[in-house]
Amino acid sequence: MSGFSSRGFQGKRRETEPGRLPPGQYETRDFPVLSAGPTPRVSLAAWDFRLTGNVELERRWSWAEFRALPRQKFTRDIHCVTTWSKFDTEWEGVSIDTLLEGVKSEASHVVAFCDGGYTTNLPIDAVTGGKAWIVDTYAGQPLAPEHGGPARLLVPHLYFWKSAKWVRGLRLAAEDEPGFWERYGYHNYGDPWREQRYSND
C-alpha cells in the first residue's frame with residue numbers, strides 16, 4: 001500500500017483450506033504493522049470515546065466507563081488490502097450495536113475518527129448487526145499501540161484499513177463522506193471477496 005510503512009512481516013505463504021481466503025490474498029502467521037505516520041500515544045486517563053454528529057444526544061465514555069460496558073470475545077479472520085490475510089485472530093471489545101443502543105439518529109453512514117487525524121467512512125449497515133466492534137484486547141493481551149491500541153475499530157468483513165487504529169469516536173452522518181484513504185483512491189467500501197481495493201474496482 002503506497003504511503004504505508006511495514007515491519008514485523010516475513011511474508012511467508014502457506015497452503016490454506018479452500019474457500020477461506022479471498023481472491024488475491026495469501027495467508028500469513030505474522031501480524032504486519034502498517035501505518036501512514038508515527039504511532040500516537042495517549043494516556044488512558046485522557047482517553048475517551050464519543051458518538052457525535054447526526055444524533056439527538058452525543059455520548060461520551062471515559063476509559064473506565066468503556067471497559068465497564070458489556071463485552072464480547074470472538075475470533076475472526078482479517079484481510080489487508082496489501083494482500084495478506086491472518087486467520088483466527090482473537091479479540092475482545094464492545095460491539096458497535098452496544099454503543100448505538102438507544103441512539104436516535106437518521107444517519108446512513110458513520111465516520112470513524114482517530115488520534116493522528118485518520119478517518120474512515122462506512123455505511124451504518126456495515127458496522128451494525130454484529131459486524132463491528134471497538135476492541136482493546138488482542139490474543140488475550142491489551143492491544144499494543146502499533147496495532148491500534150489502546151482501542152481500534154474492527155470491521156473484519158472488510159479490508160483491514162477500514163478497521164481504524166487509535167479510534168476515538170464515531171461521527172454519524174446523513175450522507176457518505178470519504179475518509180483518509182478513500183480520498184486517496186481506495187475503494188469506498190472495501191469488500192475483500194469482491195477485491196474492492198481501489199476506487200475503480
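Atom set for the values below is all heavy atoms of this structure, side chains included, hydrogens, waters and symmetry mates excluded.
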For this session: Drop me the distance from L153's CG to L170's CG, to the nearest 0.5 angstrom.
Result: 6.5 Å
Exercise. Applying the 4.5 Å side-chain criterion to the ILVMFWY set and letting contacts propagate, would V55 and L99 be lumped into a single cluster?
Worked result: yes
For this session: Report yes if some heavy atom in the side chain of S199 is under 4.5 Å from a heavy atom in the side chain of H187; otherwise report no.
Result: no
Problem set entry | Backbone N/O of V81 and side chain of R197: donor-acceptor pair under 3.5 Å | yes
Exercise. Any donor-acceptor pair under 3.5 Å linking the side chain of S163 with the backbone of V155?
Worked result: yes
Exercise. Are the side chain of S108 and the backbone N or O of A174 linked by a donor-acceptor pair below 3.5 Å?
Worked result: yes
Exercise. If you round to the nearest 0.5 Å, how far is CG of D30 from NZ of K86?
Worked result: 7.0 Å
For this session: Would you kindly say whether W84 and Q25 are connected by a side-chain donor-acceptor distance under 3.5 Å?
Result: no
Exercise. Out of curiosity, T28 OG1 to F87 CZ, how far, rounded to the nearest 0.5 Å?
Worked result: 10.5 Å
For this session: Mind telling me whether Y186 and W181 have parallel, tilted or perpendicular rings, with 30° and 60° as the class edges?
Result: perpendicular
Problem set entry | Flag, side chain of E90 to backbone of A139, donor-acceptor distance under 3.5 Å | no
Problem set entry | Over all atoms of both residues, closest heavy-atom pair of P150 and V42 | CD-CG1, 3.8 Å
Exercise. Is there a donor-acceptor pair under 3.5 Å between the side chain of S62 and the backbone N or O of D48?
Worked result: no
Exercise. Do you know the tightest heavy-atom contact between L143 and G148?
Worked result: CD2-C, 3.8 Å
For this session: State whether the side chain of R152 and the backbone N or O of H147 hold a donor-acceptor pair below 3.5 Å, judged by distance alone.
Result: yes
Exercise. Side chains of S85 and H79: donor-acceptor distance under 3.5 Å anywhere?
Worked result: yes
Exercise. Does R59 reach the side chain of V103, with side-chain heavy atoms less than 4.5 Å apart?
Worked result: yes
Problem set entry | Donor-acceptor contact below 3.5 Å, side chain D136 vs main chain A151 | no
Problem set entry | Electrostatic pair R20:D88 at N-O distance under 4.0 angstrom | yes
For this session: Quick one: closest heavy-atom pair of G149 and W166, and the distance?
Result: O-CD1, 3.2 Å
Exercise. Is a side-chain donor or acceptor of T119 paired with a backbone partner of F180 at a separation under 3.5 angstrom?
Worked result: yes
Exercise. How about I124 and H109: do any of their side-chain heavy atoms sit closer than 4.5 Å?
Worked result: no
For this session: Report yes or no: do F113 and W161 belong to one cluster of Ile/Leu/Val/Met/Phe/Trp/Tyr joined by side chain heavy-atom distances under 4.5 Å?
Result: no
For this session: Examine distances only and state if a side-chain atom of K165 and a backbone atom of E146 form a donor-acceptor pair shorter than 3.5 Å.
Result: yes
For this session: Using the test ring-ring contact (aromatic ring centres under 6.0 Å, His included), find all partners of F66 that sit at least two apart in sequence or belong to another chain.
Result: W47
Exercise. Does any N or O in the side chain of S95 come within less than 3.5 Å of the main-chain N or O of W133, such that one atom is a donor and the other an acceptor?
Worked result: no
For this session: Would you please classify the geometry between the W61 ring and the F49 ring as parallel, tilted or perpendicular, with 30° and 60° separating the classes?
Result: tilted
Exercise. Under 4.5 Å between any side-chain heavy atoms of Y159 and I78, yes or no?
Worked result: no
Problem set entry | Joint cluster assignment, V111 & V167, ILVMFWY side-chain distance < 4.5 Å | no
Seminar exercise, completed: Looking only at heavy atoms, the pair that brings A164 and C114 closest together is CB-SG, 3.6 Å
Exercise. Can you name the side chain to side chain contact (heavy atoms under 4.5 Å, CB included) partners of K162, sequence neighbours left out?
Worked result: T120, N121, L122, L158, E182
Exercise. Going by distance alone, is a donor N or O of one side chain under 3.5 Å from an acceptor N or O of the other, for T98 and E101?
Worked result: no
Exercise. Closest approach of A126 and K131, non-hydrogen atoms and distance?
Worked result: O-CB, 3.5 Å
Exercise. Do L69 and L154 sit in the same hydrophobic cluster, where Ile, Leu, Val, Met, Phe, Trp and Tyr count as joined when their side-chain heavy atoms come under 4.5 Å apart?
Worked result: no
For this session: Please tell me if the side chains of T75 and T89 come closer than 4.5 Å, counting only heavy atoms from C-beta onward.
Result: no
For this session: Give a yes-or-no answer on whether the side chains of E92 and T137 include a donor-acceptor pair shorter than 3.5 Å.
Result: no
Exercise. Hey, any chance Y189 and F160 share a hydrophobic cluster, counting ILVMFWY side chains that come within less than 4.5 Å of each other, even indirectly?
Worked result: no
